[in-house]
Amino acid sequence: MFPFRDQIYLVVYICANTYIMTSYLDELNPAQKSAVEAVNGPVMVLAGAGSGKTRVLTYRIAHLINLGLQPFNILALTFTNKAAKEMKERIEKIGGTETRNLWMGTFHSVFARILRNEASTIGYPSNFTIYDTIDTKSLLRSIVKELNLDEKVYKPGLVYNRISAAKNNLLSAAAYNSDEKVLAEDKVMAKPRLGEIYTRYESKCFKSGAMDFDDLLFKTNVLFTKSPETLSKYQDIFRFILVDEYQDTNFAQYNIIKKLSAAHKNICVVGDDAQSIYSFRGADIENILNFNKDFPGAQTFKLEQNYRSTKNIVNAANAIIDNNTSQIKKEVWTSNEDGTKIKIIKTRTDNDEGKAVAASILDLALQEQYKHSDIAILYRTNAQSRAMEEALRKNSIPYKIHGGLSFYQRKEIKDLLSYYRLIINPNDEEALKRVINYPARGIGKSTLDKLIISSNTNDCSIWEVINTHLSSCGLNKGTSGKIMVFANMILSFQAELTTKNAYDLGNHVASHAGILKELFVDKTPEGVSRYENIQELLNGVKQFTILEELSEGEASSKTLDVFMEDVALLTNVDNETDEDFDKVTLMTIHSAKGLEFPAVFVVGLEENLFPSQLSLTNRTELEEERRLFYVAITRAEKTLTISYAQTRFKFGNINYADPSRFISELPRELIEAPSSYNARSISKPNNPFLNQKKSNFVSVNKVTSLVSAPAQTNSALMKENALVEHLRFGKGKIISLDGIGPSKKATIIFDKHGTKQILLKFAKLKILS
DNA sequence: CTGTCCTCACTTTTT
DNA sequence: GTGAGGACAG
């Protein structure tokens with residue numbers, strides 16, 4: 001029986017929609033259809049790569065709505081914003097279904113929303129700040145300093161991981177410090193004061209009205225544990241719960257899901273244990289392996305037909321994953337054609353690898369008529385993108401990069417956003433520390449230290465110190481005055497939070513705080529780019545303001561605090577524009593999960609890189625790397641190319657590398673005879689088109705090098721006693737040269753600026769004699 | 001307090 | 001090869 005209250009309405013509704021219902025259900029295969037129609041009770045869908053996992057989720061949601069369920073009674077959780085967005089679009093496509101009121105989003109964004117609604121229950125302000133990784137690490141660093149601990153022992157990243165792991169296992173600071181086992185672990189690691197740091201970190205976050213990423217899950221659990229009424233309220237709202245990528249859930253997420261679904265038990269999880277690649281973030285593959293035990297009476301559906309890839313690719317993927325011992329057996333198969341064999345490219349250096357990939361892309365575009373947007377280059381680490389980018393640029397191949405340093409993590413963006421944060425939540429200590437002296441206004445480090453000491457002794461935020469304890473900080477009159485000017489400026493911004501719309505206030509802050517001027521004056525390329533980034537952010541605020549005005553028509557919803565609500569949860573992917581169509585995609589394999597491309601290049605298949613060096617010590621981590629490789633190759637629809645280099649630059653040094661063990665795990669019969677690529681002499685001379693293209697390719701290279709050469713200093717012409725002119729320091733004489741290659745330095749006596757050491761690689765020196 | 005130069009750590013992967 | 005934090009001089 002359907003658990004809907006209004007049964008009569010439901011029946012009528014079904015009859016009226018018979019046509020629609022049959023039409024969309026007919027688009028599913030038998031396994032998918034049963035997974036969609038099994039509406040009640042716990043359901044697990046084990047979906048092999050490319051087997052229509054998203055299809056099942058979206059059709060299931062559409063189906064629920066067609067059955068008469070209100071969209072706001074459905075909770076659908078994903079891991080990335082991208083997945084959530086795609087799902088929304090696809091549901092709308094199926095039946096023009098109203099999706100606006102669906103509770104659909106990432107774990108973090110949905111729980112942030114709930115936490116804002118219920119913040120007071122756990123003593124937080126509803127406008128709490130969300131600390132990103134940069135804020136968190138910076139706070140941890142200052143705590144380590146305050147405790148007079150060695151920063152080399154208590155590295156922020158390491159401390160962060162430890163605290164993050166604790167929160168993902170629902171261990172509060174208090175619980176951490178009374179857990180003998182955990183404390184013993186810390187002692188063994190020679191870091192016995194981690195618990196103390198955690199305690200301090202927790203209380204500082206609380207005083208600042210801030211939550212980090214992990215808190216969004218952790219505090220949601222606290223909320224539901226502390227207030228059964230709140231839990232029951234949300235249990236009642238979320239009558240149907242769907243979870244994407246269930247194999248990647250951690251303990252905190254698992255607990256929330258379990259609690260929320262306890263009343264109605266309508267929980268549907270979709271996942272593939274073979275694609276579990278987030279254990280470093282606390283994901284526990286046991287969650288999917290134990291679903292049937294955790295949720296009694298669960299039905300399981302297996303989707304094993306792959307619609308995405310050729311037989312060769314599917315078979316290669318199966319062969320790879322077969323090397324793992326812990327997995328749920330599945331028979332992924334496809335009725336697609338065999339397709340071309342997998343290509344393997346071997347090159348001498350990482351730069352050659354980039355060139356080889358670029359050359360192959362030109363081939364693909366020419367022979368197979370692939371569009372650029374059909375092609376993706378996937379790599380293990382973000383650092384690998386550089387060689388690829390360079391080669392693509394030189395060949396005029398348009399590309400877009402996902403990931404790397406997010407737009408919102410750039411210094412200038414964080415600076416401006418910190419002003420916004422401070423306006424909304426002046427207790428936000430990380431924001432305050434960032435901007436109290438930016439642009440420089442004479443409030444330096446020692447002053448800030450005094451404020452921090454006072455905030456510790458008075459057990460309050462720095463903002464409260466400024467407002468109530470400033471006189472007892474031992475500052476001189478001038479400095480106090482400067483602080484008051486700053487505080488009054490923030491107050492004046494605050495006063496306009498409700499009267500101005502987001503764009504007007506945002507713009508006002510940018511110019512009034514002096515940021516725009518500061519960056520405008522800087523005419524270096526970096527400075528110009530920073531200025532442009534600020535303008536872009538302001539454009540974003542403007543768009544938000546206009547959109548909100550159009551859709552809401554009320555003055556309440558377009559203010560800056562609304563804009564700021566989930567900025568911390570946004571990534572680059574979210575501000576992708578239409579200009580990005582028809583470009584080659586570059587991204588890490590992790591961020592490629594859930595995507596598919598006709599042609600895929602997986603690069604950097606070298607031992608110690610992929611599999612990563614850090615994974616080689618134990619079996620489970622190596623298996624995760626292998627699953628990652630599985631994810632990589634199953635992104636490909638038609639052609640798959642794998643490449644590796646014999647040498648690779650790492651930290652400015654050349655490293656030799658062996659081919660990845662994963663290459664030898666690929667069945668021989670699925671691989672094209674291996675070809676090696678030599679950047680100087682290009683093989684395969686038979687195709688006239690290729691020759692033509694390649695001669696272009698070479699000449700393009702030449703042109704670029706001609707263009708770029710004069711901009712750099714010709715270090716061969718640099719000799720002792722030579723007279724030179726520097727862009728900034730003017731004329732001077734070289735008195736000595738040392739170092740080799742990129743680290744070659746010249747000691748120069750300048751007429752007006754004295755003796756300087758100049759790195760030839762960067763200096764723009766003109767030779768006068 | 002400010003600006004500049006130097007050192008050093010950074011490389012898994014994301015919200 | 002880079003960016004951020006620290007040391008140091010003005």
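Protein chains get the first letters and strands the later ones, always in sequence-line order, with residue 1 at the start of each.
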Worksheet item: Restricting to pairs with a member in residues 275-285 of chain A, which pass salt bridge (charged side-chain N to carboxylate O under 4.0 Å, His left out), not counting sequence neighbours?
Response: none
Worksheet item: Is any side-chain heavy atom of I466(A) less than 4.5 Å from a side-chain heavy atom of I462(A)?
Response: yes
Worksheet entry | E245(A) side chain reached by K53(A) side chain, heavy atoms, under 4.5 Å | yes
Discussion item. Can a side-chain donor-acceptor contact be found between Y201(A) and D212(A) if the only test is distance below 3.5 angstrom?
Written reply: yes
Does [N] have OP1 or OP2 sitting under 4.0 Å from an N or O in the side chain of [X]?
X: S591(A); N: dT14(B); answer: yes
X: N382(A); N: dT13(B); answer: yes
X: T133(A); N: dT15(B); answer: no
X: T588(A); N: dT14(B); answer: yes
X: S446(A); N: dC1(B); answer: yes
X: K482(A); N: dC1(B); answer: no

Response to the item:
Applying side-chain contact (heavy atoms from CB on, under 4.5 Å) to D658(A) and not counting sequence neighbours gives E607(A)
Worksheet item: By salt bridge (Lys or Arg N to Asp or Glu O under 4.0 Å), which residues pair with K445(A), not counting sequence neighbours?
Response: D449(A)
Atom [atom1] of [X] to atom [atom2] of [N]: distance rounded to whole Å?
X: D214(A); N: dT14(B); atom1: CG; atom2: P; value: 15 Å
X: K414(A); N: dG3(C); atom1: NZ; atom2: P; value: 17 Å
X: E389(A); N: dT2(C); atom1: CD; atom2: P; value: 12 Å
X: K155(A); N: dA9(B); atom1: NZ; atom2: C1'; value: 8 Å
X: N655(A); N: dC10(B); atom1: CG; atom2: P; value: 16 Å
X: Q253(A); N: dT14(B); atom1: CD; atom2: C1'; value: 11 Å
X: K137(A); N: dG3(C); atom1: NZ; atom2: P; value: 16 Å
X: N81(A); N: dT15(B); atom1: CG; atom2: P; value: 7 Å

Worksheet item: Hey, which of these two, T381(A) or I443(A), hits DNA chain B nearer its 5' end, going by closest nucleotide?
Response: I443(A)
Discussion item. Using the six-membered base ring of dT14(B), report whether F213(A) stacks on it, requiring centroids under 5.5 Å and planes under 30° apart.
Written reply: no
Fill in: Spacing of I130(A) atom CD1 and N425(A) atom CG [to the nearest 0.5 Å]
11.5 Å
Identify which nucleotide among [options] has an atom closest to any side-chain atom of [X], counting heavy atoms from C-beta outward.
X: H108(A); options: dC1(B), dT14(B), dT15(B); answer: dT15(B)
X: A383(A); options: dT14(B), dT11(B), dG1(C); answer: dT11(B)
X: R386(A); options: dA9(B), dG1(C), dT11(B); answer: dG1(C)

Worksheet item: Using a cut-off of 4.0 Å on non-hydrogen atoms, how would the nucleic acid contact of F649(A) be classed: base, sugar-phosphate, or nothing?
Response: nothing
Item to complete: Tell me what F610(A) touches on the nucleic acid: a base, only sugar-phosphate, or nothing, going by heavy atoms under 4.0 Å.
Response: nothing
Worksheet item: When you measure from the centre of the six-membered ring of Y278(A), is the NZ or CZ of K593(A) under 6.0 Å away and within 45° of the axis?
Response: no
Worksheet item: Applying the salt bridge (Lys or Arg N to Asp or Glu O under 4.0 Å) test to R141(A), which of E146(A), E430(A), E151(A) qualifies?
Response: E151(A)
For nucleotides 6-8 of chain C, which of its nitrogen or oxygen atoms have a protein nitrogen or oxygen under 3.5 Å away, and what is each distance?
residue, atom, partner, partner atom, Å
dG6(C), OP1, K145(A), NZ, 3.1

Worksheet item: So which pairs with a foot in residues 604-624 of chain A pass ring pair (Phe, Tyr, Trp, His ring centres under 6.0 Å), sequence neighbours left out?
Response: F610(A)-F629(A), F610(A)-F662(A)
Practice prompt. Check step by step if salt bridge (charged side-chain N to carboxylate O under 4.0 Å, His left out) holds for R421(A) and D135(A).
Written response: CA-CA 12 Å; R421(A) 277 162 55 173; D135(A) 301 316; 3.0 Å; yes
Item to complete: Output the residues of residues 432-440 of chain A in contact with DNA chain B, where contact means a heavy atom of the residue under 4.0 Å from an atom of the strand; sort by number or write none.
Response: N437(A), A440(A)
